[in-house]
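The residues of the chain are indexed from 1 along the displayed sequence. One-based numbering, in listed order, for ligands and for the atoms of each. Here the structure is a predicted model, which is why all the values come from computation and not from measurement.
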Amino acid sequence: MSSFGSVFLPEMISAVFDGSEWQAPEWVPSDRLTLHPGAHVLHYSSTCFEGLKAFRQPDGRIAIFRMDQNIARMAQSSHLLYLPEFEPQALADMITTAVSRYADEIPTPPESLYIRPTHMGTEPCIGKAAAPSLQSLLFVLLSPVGDYFAGGAKALRLLVEQSAARCAPHMGMVKSGGNYASAMHPTMEARKQFNADQVLFAPGGDVQETGAANFLLIDGNEIITKALDSSFLHGVTRSSILTLARDRGMTVSERELTVAELVERASKPGCEAALSGTAAVLTSVGTLIIDGEEHTIGSGEPGPVVQSLREELNNIQWGKTEDRHGWLTYV
Ligand SMILES: *Cc1c(COP(=O)(O)O)cnc(C)c1O
């Protein structure tokens, strides 16, 4: 199977804000875009995106997971970037229209359809370094994706970065392109120097998240993760896993987690850690590299609690377990 996100369905649905109103969404080829070279996004990164998935159900129907949450987050990102506002229902209609059109092409679990709404400032004006784009483009790109764990789930190695932040502190909750550019250098250095899979950003000892996933620590019956603030991305998977953990009677602690506490708990037998995000759902973390020293989390291998929470979430997405929180939208 080709790498995640490299295969696209041939057309996408796209809408233009022309400076005064949204034009009706249109189907356009998904392999090209016409932008003025002076478009705001190309110079000043006025862009945000979302990532959500649609799953084929046992009865053949297609269900989209927690679409309302992703739409709300995209509206918030757009707002914080001063991009033109859109009606949440208009984006919901674009997503369901796009998914319905390609329903027959959506593979069966563990494969799925990854949905990538993207919003960008298109006003052709390079004089607006400190002013918003008054025009924008909103499209919904579709990419069938395979089983993330084909070849077996392996516990990740994370470099814990205490001196650098992933992005500017007020931008953490915005799913915006510039933040990934900002995390690129520390991430590549961590690969090169420590053979790390990802960087866990913990500026000043405050454990936040990695470049594209949230971090969760599981110690016995307790699951610990940073409380929501503007410094990191509020993952839909994070919130879903915490809900499932609460449902099964675990103690959910959304609070500050310091690197010192993380190190102390990590060494306990049975301790587990994971990254959460739409692409990989929940992936075990086995090793932390802190100040050049390696710390194993629990056994260092994928643990049973992470696996069981991942299975439970997958079973809801795949229609094998009752959707008791109403997370699925059928198209
Ligand atoms: C998208 C993303 C996540 C995960 O969010 P989900 O809604 O769970 O997919 C976490 N952190 C960052 C930086 C992200 O971009």
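The ligand atoms of ligand 1 that sit less than 4.0 angstrom from a heavy atom of A213 are 10 (C), 11 (N), 12 (C). In summary, the atoms of ligand 1 found under 4.0 Å from a heavy atom of G277, numbered by their order in the structure, are 4 (C), 8 (O), 9 (O).
For the pair R248 and E312, the salt-bridge criterion is met [side-chain N within less than 4.0 Å of a carboxylate O]. With respect to the salt-bridge test (charged N to carboxylate O, under 4.0 angstrom), the residues E111 and K53 do not qualify.
Nearest-heavy-atom check against atom 1 (C) of ligand 1 across R73, R238, K175, R166 picks out K175. Closest heavy-atom approach to atom 12 (C) of ligand 1 among the candidates E209, Q208, H234, R66: E209. Distances from atom 3 (C) of ligand 1 to the heavy atoms of G172, G235, A212 put A212 nearest.
No option in W22, Y82, F49 other than W22 meets the ring-ring contact (aromatic ring centres under 6.0 Å, His included) test with H119.
The distance from atom CG of N70 to atom CG of L91, rounded to the nearest 0.5 Å, is 9.5 Å.
Among all protein heavy atoms, the one lying closest to atom 8 (O) of ligand 1 is T237 OG1, 2.6 Å. Closest to atom 9 (O) of ligand 1, if we only count protein heavy atoms, is T278 OG1, 2.6 Å.
Polar contact with ligand 1: present for V236 (N/O pair, distance under 3.5 Å). Considering both main-chain and side-chain atoms, Y180 comes within under 3.5 Å of ligand 1 through a nitrogen or oxygen pair.
By the 4.0 Å heavy-atom criterion, G211 is counted among the residues contacting ligand 1.
The nearest pair of heavy atoms linking T278 to T237 is N-OG1, 3.2 Å.
Under the 6.0 Å distance and 45° angle rule, R166 does not count as a cation-pi partner of F201.
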* May I have the step-by-step check of side chain to side chain donor-acceptor pair (under 3.5 Å) for T296 and E294, ending in yes or no? => CA-CA 7 Å; T296 301; E294 298 207 3; over 6 Å; no

